[in-house]
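Scroll down for the structure; my scribbles are underneath it.
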2 protein chains.
Amino acid sequence: MDDSVGFLLARAGGRAIRGLNRGLEPFGLRTRHYTVLMAAAQHGGLAQRELGDLLGIDPSAVVALVDDLQTAGLVRRDPHPDDRRTRLVVLTDEGLKTFGEAAALASKIDDETLAPLDAAERATLADLLRRIARP
Amino acid sequence: MDDSVGFLLARAGGRAIRGLNRGLEPFGLRTRHYTVLMAAAQHGGLAQRELGDLLGIDPSAVVALVDDLQTAGLVRRDPHPDDRRTRLVVLTDEGLKTFGEAAALASKIDDETLAPLDAAERATLADLLRRIARP
DNA sequence: TATTGTTATACTCTATAACTATA
DNA sequence: TATAGTTATAGAGTATAACAATA
């Protein structure tokens, strides 16, 4: 009897989330806050709707996450030039600095998770995950 | 800027869990019930403590899951022959039948998740995950 | 009419502490 | 004293519906 790939994914994913949660504690952030910072850093400025689509997070959850990050001074909500309904989530200087530190930490935790694999295998895993993980 | 493997794992794992949850709705089960049935089927009979260790589930959560499965008539709690504290979780005939149907469904959902990959790539992914997913 | 962000709400998941009965 | 199971509880994650402002 073989474990299903879904089961293996779920367990490895859960471990990754919990590991990053523990690592982010000093920043007062959770894994999902980090993913929002990551998306905003990658794209420069994103509507909340786009953030939710990109990360697979419900719009109402995006509101709460961006609230937290804004209170912590890590993001701003800028007006959209053409659409007054839309608010663009943009990293502050402080947010960019915090994201840099958190990204270094995430990379360290990745290394621990992937310790049993060599460099080529890590690259293969990342590639396969990227191909099935699109929302 | 590259996505972290932890992030990719978390997202793919979340999708797998939600997909299986939807598929299991007709059975009145959730993904975690299914993993308990899977472990019990694989090992014949397991102490709740062993179930928790194996699946990475807290003992108090195991109680609730086994309660559900017992109420549904899918598992029994048998006494341990040597230790009266321990209760062995064993599949009933009904539980074995339901697990078989659910396993077919899980395999179908795996296929959907893994659609972008060919057979060799699927095997590679399962192998890599198995190597990093040990608790 | 449809969409963006928001609020309220409920349900699931996860984790912790304290208790019982056994060892 | 330590361990297996249990109970209670709280916090985090997820999903849905309804609303205001705007398109």
Side-chain angles (χ1 to χ4, degrees), chain A residues 7 10-11 13-25 27-36 40 45-71 75-90 135, chain B residues 7 10-11 13-22 24-25 28-36 40 45-71 75-90 135:
Chain A
F7 171 69
R11 188 158 67 173
R15 275 224 310 182
I17 290 175
R18 285 189 294 274
L20 190 52
N21 275 342
R22 271 191 292 275
L24 290 174
E25 258 179 12
F27 298 95
L29 301 176
R30 319 267 313 162
T31 295
R32 314 211 86 190
H33 297 106
Y34 172 72
T35 63
V36 170
L46 279 168
Q48 296 187 187
R49 172 80 207 290
E50 293 173 309
L51 272 174
D53 287 347
L54 204 60
L55 301 172
I57 301 175
D58 193 83
S60 63
V62 173
V63 172
L65 289 169
V66 174
D67 279 352
D68 293 341
L69 292 169
Q70 191 172 26
T71 300
V75 304
R76 294 192 312 271
R77 284 194 243 230
D78 286 352
H80 188 287
D82 302 330
D83 187 337
R84 282 193 294 167
R85 295 174 303 181
T86 302
R87 318 183 68 177
L88 296 175
V89 177
V90 184
Chain B
F7 170 70
R11 189 159 66 174
R15 275 224 310 183
I17 291 175
R18 285 189 293 275
L20 190 52
N21 275 341
R22 273 191 291 274
L24 290 174
E25 256 177 15
L29 302 175
R30 318 270 310 165
T31 296
R32 314 211 88 191
H33 297 107
Y34 171 72
T35 64
V36 170
L46 278 169
Q48 295 186 190
R49 172 80 207 291
E50 293 173 310
L51 272 174
D53 287 348
L54 205 60
L55 302 171
I57 301 175
D58 193 83
S60 62
V62 174
V63 171
L65 290 169
V66 174
D67 279 352
D68 293 341
L69 292 170
Q70 191 173 28
T71 300
V75 304
R76 294 192 312 271
R77 283 195 243 229
D78 285 352
H80 188 287
D82 301 330
D83 187 336
R84 285 194 292 169
R85 293 172 305 182
T86 303
R87 319 183 69 177
L88 296 176
V89 177
V90 184

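Each chain gets a letter, A, B and so on, in the order the sequences are listed, and its residues count up from 1. Please read all numbers here as calculations on a predicted model, not as lab measurements.
- Atoms CD1 and CD, on Ile57(A) and Gln48(A) in that order, are 11.0 Å from each other to the nearest 0.5 Å.
- Nearer the 5' end of DNA chain C, as judged by each residue's closest nucleotide, is the contact made by Thr86(A), out of Arg18(A) and Thr86(A).
- One distance of note links CZ of Arg30(B) with CZ of Arg18(B); it measures 11.0 Å at 0.5 Å rounding.
- For the pair Asn21(A) and Arg49(B), both in contact range of DNA chain D, the more 5′-proximal nearest nucleotide belongs to Arg49(B).
- Residues Pro81(B) and Leu88(B) come closest through the heavy atom pair CD-CD1, 4.2 Å.
- For the pair Ile17(B) and Asp58(A), nearest-nucleotide mapping onto DNA chain C gives the more 5' position to Asp58(A).
- Considering Val75(B), Asp68(B), Val66(B) as possible partners of His33(B), the one that fulfils the side-chain contact (heavy atoms from CB on, under 4.5 Å) test is Asp68(B).
- An OP1 or OP2 oxygen of dG11(D) is reached within less than 4.0 angstrom by no side-chain nitrogen or oxygen of Arg30(A).
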Tabulate atom names and distances for all N/O pairs under 3.5 angstrom spanning the protein and nucleotides 21-23 of chain D.
residue	atom	partner	partner atom	Å
dA23(D)	OP1	Arg84(A)	N	3.0

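- Contact annotation: Arg22(B) does not reach the phosphate of dA15(D) (side-chain N/O to OP1 or OP2, under 4.0 Å).
- Note: CG (Asp67(A)) to C1' (dT4(C)) measures 15 Å, nearest angstrom.
- In terms of modelled atom types and a separation under 3.5 Å, the side chain of Thr31(A) and the main chain of Leu20(A) share no donor-acceptor contact.
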